[in-house]
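Beneath this line is the structure, given in structure tokens, with notes to follow.
For ligands, and for the atoms within them, numbers begin at 1 and follow the listed sequence. Just the heavy atoms: all of them, side chains too, but no hydrogens, waters or symmetry mates, feed the values below. Values in this document were obtained by computation on a predicted structure and should not be read as measured data.
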Amino acid sequence: MIFTVAIDGPAAAGKGTISRAVAARFGFAHLDTGLLYRAVGAKGGDPVAAAESLSAEDLARGDLRSLAAGQAASRVAVIPEVRAALTEFQRRFARQPGGAVLDGRDIGTVICPEAEVKLYVTASPEVRAHRRWLEVGGDEAEVLAEVRERDARDMGRADAPLRPAEEAEILDTSEMTIEAAVAAAVALIEAAL
Ligand code: C5P
């Protein structure tokens, strides 16, 4: 069975948690595509060369989850040649037999417009910053500023800007428990299977 679930949205909206939960529930493979951009940003040097030579080792680095790595990722993610170098791998992953969930910014719009289910997960910047702050600590106002800066860069770039695909179901998790958000995603997938 070829079946793709595309989950897009801004940082800390709940995409990762929802993606992992639905992948486990339906037995689908899961790809966190943000990790690809984080690994390119963390590798340093020429980002296009880094994207073209990305290895499993690069993806296994322990420092990819930091705020700084997120900012570095969004800076290299504006470069069209970086995005192009990562496209084929993501497309193949999306259409592998057995079903796949991909979460990112452009899965439903660019990587897999033919995805059977498209979900756009969002929440207010304040709620997302608070969630991220609970994970990383530090100064919450600074985390909010980082979230806003990354949103602006991801939504404002010319190539594959963050936006909901036309047919995407919008899930605003600002006032939702994670269980309710997962249940909504599961219901959508069940209806499409
Ligand atoms: O989702 P995550 O926060 O790990 O993504 C890090 C950055 O990578 C994003 O802010 C975005 O700039 C970039 N990204 C992207 N396209 C994707 C996934 C992530 O441009 N599909």
Side-chain angles (χ1 to χ4, degrees), residues 4-23 29-44 47-48 50-51 54 58-95 100-115 117-123 125 127-136 143-165 168 171 173 181:
T4 308
V5 182
I7 304 189
D8 291 305
K15 300 186 303 287
T17 309
I18 294 171
S19 300
R20 282 189 295 275
V22 301
H30 172 224
L31 180 64
D32 167 5
T33 65
L35 205 58
L36 305 176
Y37 293 91
R38 284 171 183 265
V40 170
K43 210 167 165 180
V48 178
L54 210 58
D58 295 327
L59 296 175
R61 288 175 63 143
D63 55 351
L64 297 180
R65 292 279 155 217
S66 68
L67 290 181
Q71 288 291 355
S74 84
R75 283 192 204 101
V76 299
V78 305
I79 304 168
E81 292 81 5
V82 166
R83 308 199 67 82
L86 301 174
T87 297
E88 200 43 47
F89 171 72
Q90 295 176 80
R91 289 207 170 129
R92 228 175 299 124
F93 192 98
R95 302 314 264 171
V101 184
L102 287 83
D103 71 283
R105 301 292 187 289
D106 64 339
I107 308 305
T109 51
V110 174
I111 298 297
C112 196
E114 70 275 35
V117 174
K118 296 183 188 177
L119 197 56
Y120 188 85
V121 182
T122 188
V127 165
R128 291 187 285 115
H130 186 69
R131 288 177 186 159
R132 191 45 58 88
W133 173 75
L134 290 174
E135 291 170 7
V136 301
V143 177
L144 177 59
E146 296 245 5
V147 161
R148 288 192 191 281
E149 187 185 333
R150 200 135 69 87
D151 283 359
R153 199 181 294 121
D154 290 348
M155 292 172 184
R157 68 186 177 215
D159 190 18
L162 171 63
R163 59 176 176 79
L171 194 62
T173 65

Side-chain donor/acceptor of [X] to backbone N/O of [Y], under 3.5 Å:
X: Asp8; Y: Asp106; value: yes
X: Arg91; Y: Cys112; value: no
X: Arg61; Y: Ala39; value: no

- List, ordered by chain and residue number, the protein residues whose closest non-hydrogen atom lies under 4.0 Å from any atom of ligand 1. Thr33, Gly34, Tyr37, Arg38, Ala73, Ser74, Ala77, Arg83, Gly104, Arg105, Asp106, Arg150, Asp154, Arg157
- Close side-chain approach of His30 to Asp103, heavy-atom, < 4.5 Å: yes
- Heavy-atom side-chain contact between Leu54 and Leu59 under 4.5 Å: yes
- Do you know which of Glu146, Arg157, Arg150, Glu149 makes side chain to side chain contact (heavy atoms under 4.5 Å, CB included) with Ser74? Arg150
